[in-house]
Amino acid sequence: QVQLVESGGGLVQAGGSVRLSCAASGRPIDHYQMAWFRQAPGKEREFVASLSRSGVSTHYAGSVKARYRISRDDAKNMVYLQMNSLKPEDTAVYYCAGSNPSIRAKENYYRASLYDYWGQGTQVTVSS
């Protein structure tokens, strides 16, 4: 199985950018469908972005589309989330997640319950 560790969070002003990193260990990252989720205080965990096992297909939540970009570096076994034009409502703990390959996970990429591996999360706070 794979272990995931996020980093890169912090405090940023509205309109700024942050890149989150997710370091994977234990197995190659290209064995998994990868995703980022976030959870704001008092809210449920929500889908942010996903990347298919092939690395070709990506999906984004409507609230972040055109501002965020998920990517992967197989050589470094890393997954990234580039976040631009940040807004105060983007404030949350961001989690990296990995799913064992399955048709169900591929079709339901936005469902947190279908991801098998999770990092501990990294806090992103956007000030207005």
Side-chain angles (χ1 to χ4, degrees):
Q1 61 183 30
V2 67
Q3 292 78 44
L4 304 172
V5 178
E6 305 93 335
S7 62
L11 178 64
V12 61
Q13 288 189 332
S17 297
V18 167
R19 188 179 79 159
L20 303 183
S21 299
C22 174
S25 60
R27 292 198 72 186
I29 202 79
D30 62 3
H31 284 203
Y32 305 95
Q33 173 175 299
M34 299 300 297
W36 288 92
F37 288 79
R38 68 185 182 186
Q39 188 167 18
K43 295 188 177 181
E44 292 188 356
R45 191 169 297 189
E46 65 173 359
F47 169 77
V48 174
S50 68
L51 179 65
S52 64
R53 182 183 176 188
S54 68
V56 174
S57 179
T58 58
H59 297 279
Y60 296 92
S63 60
V64 307
K65 202 169 186 178
R67 299 191 297 123
Y68 287 17
R69 181 175 176 269
I70 187 172
S71 62
R72 189 178 81 191
D73 186 330
D74 292 345
K76 295 182 178 180
N77 223 29
M78 299 281 290
V79 178
Y80 303 100
L81 184 68
Q82 178 67 44
M83 307 189 295
N84 301 321
S85 302
L86 284 163
K87 306 174 181 180
E89 51 264 42
D90 294 319
T91 295
V93 177
Y94 284 72
Y95 297 91
C96 177
S99 171
N100 289 314
S102 72
I103 294 176
R104 189 176 179 208
K106 184 178 180 180
E107 295 178 346
N108 298 276
Y109 52 86
Y110 51 90
R111 292 190 185 277
S113 61
L114 297 181
Y115 287 81
D116 305 287
Y117 309 104
W118 292 84
Q120 82 290 349
T122 185
Q123 176 72 46
V124 174
T125 302
V126 184
S127 63
S128 57

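Every heavy atom of this structure was used, including side-chain atoms; hydrogens, water molecules and symmetry mates were not. Computed from a prediction, not measured in an experiment: that's the story for all the values here.
- Taking the centre of each ring, Tyr115 and Phe37 come in below the 6.0 Å mark.
- Linking Ile, Leu, Val, Met, Phe, Trp and Tyr residues whenever their side-chain heavy atoms come within less than 4.5 Å leaves Ile70 and Val93 in two separate clusters.
- Taking each heavy atom of Ala92 and Ala40 in turn, the nearest pair found is CB-N, 3.8 Å.
- Tracing side-chain contacts under 4.5 Å through hydrophobic residues (I, L, V, M, F, W, Y), one never reaches Val48 starting from Trp118; they form parts of separate clusters.
- Among pairs with a residue in residues 56-95, those fulfilling ring-ring contact (aromatic ring centres under 6.0 Å, His included) read His59-Tyr109, at least two apart in sequence or across chains.
- Remark: side-chain polar atoms of Asp90 are not paired, donor with acceptor, to backbone N or O of Leu86 under 3.5 angstrom.
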Run Ile29 and Met34 through side-chain contact (heavy atoms from CB on, under 4.5 Å) and show every step you take. CA-CA 8 Å; Ile29 202 79; Met34 299 300 297; 3.8 Å; yes

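- Judged purely by atom type and a 3.5 angstrom limit, Ser54 uses its side chain to pair as donor or acceptor with the backbone of Val56.
- Judged purely by atom type and a 3.5 angstrom limit, Arg69 has no side-chain atom pairing as donor or acceptor with the backbone of Lys65.
- For Asp116, the side-chain hydrogen bond (donor to acceptor under 3.5 Å, both in side chains) partners two or more places apart in sequence, or in a different chain, are Asn100.
- Rounding to the nearest 0.5 Å gives a distance of 9.5 Å between CD of Gln33 and CG of Asn108.
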What's the verdict on side-chain contact (heavy atoms from CB on, under 4.5 Å) for Arg72 and Asp30, showing C-alpha distance, side-chain angles and the deciding distance? CA-CA 9 Å; Arg72 189 178 81 191; Asp30 62 3; 3.6 Å; yes

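- A side-chain donor-acceptor contact under 3.5 Å links Thr91 to the backbone of Val126.
- Residues Thr125 and Gln123 have side chains that bring a donor and an acceptor to within less than 3.5 angstrom of each other.
- With contacts defined as side-chain heavy-atom distances shorter than 4.5 Å, the pair Val124/Met83 qualifies.
- Arg67 places a side-chain N or O within 3.5 Å of a backbone atom of Ser85 that can act as its donor or acceptor partner.
- Between Arg27 and His31, the closest heavy-atom pair is NH2-ND1, 2.7 Å.
- Rounded to the nearest 0.5 angstrom, Leu114 CG and Ser102 OG are separated by 6.5 Å.
- Under a 3.5 Å cut-off, the side chain of Arg45 and the backbone N or O of Arg38 do not form any donor-acceptor pair.
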Less than 3.5 Å apart, which donor and acceptor atoms pair up between the side chains of residues 4-13 and the rest of the protein, not counting sequence neighbours?
unit_1, atom_1, unit_2, atom_2, d
Glu6, OE1, Gln120, N, 2.9
Glu6, OE1, Gly121, N, 2.9
Glu6, OE2, Cys96, N, 2.7
Glu6, OE2, Gly121, N, 3.3

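- With hydrophobic clusters built from ILVMFWY side chains whose heavy atoms lie under 4.5 angstrom apart, Val2 shares a cluster with Val79.
- Here the shortest heavy-atom pairing between Pro101 and Arg53 reads CG-NH1, 3.6 Å.
- Residues Gln82 and Ser17 have side chains in contact (heavy-atom distance under 4.5 Å, counting atoms from C-beta outward).
- Proximity of a side-chain donor or acceptor of Asp73 to a complementary backbone N or O of Met78 within less than 3.5 Å is not detected.
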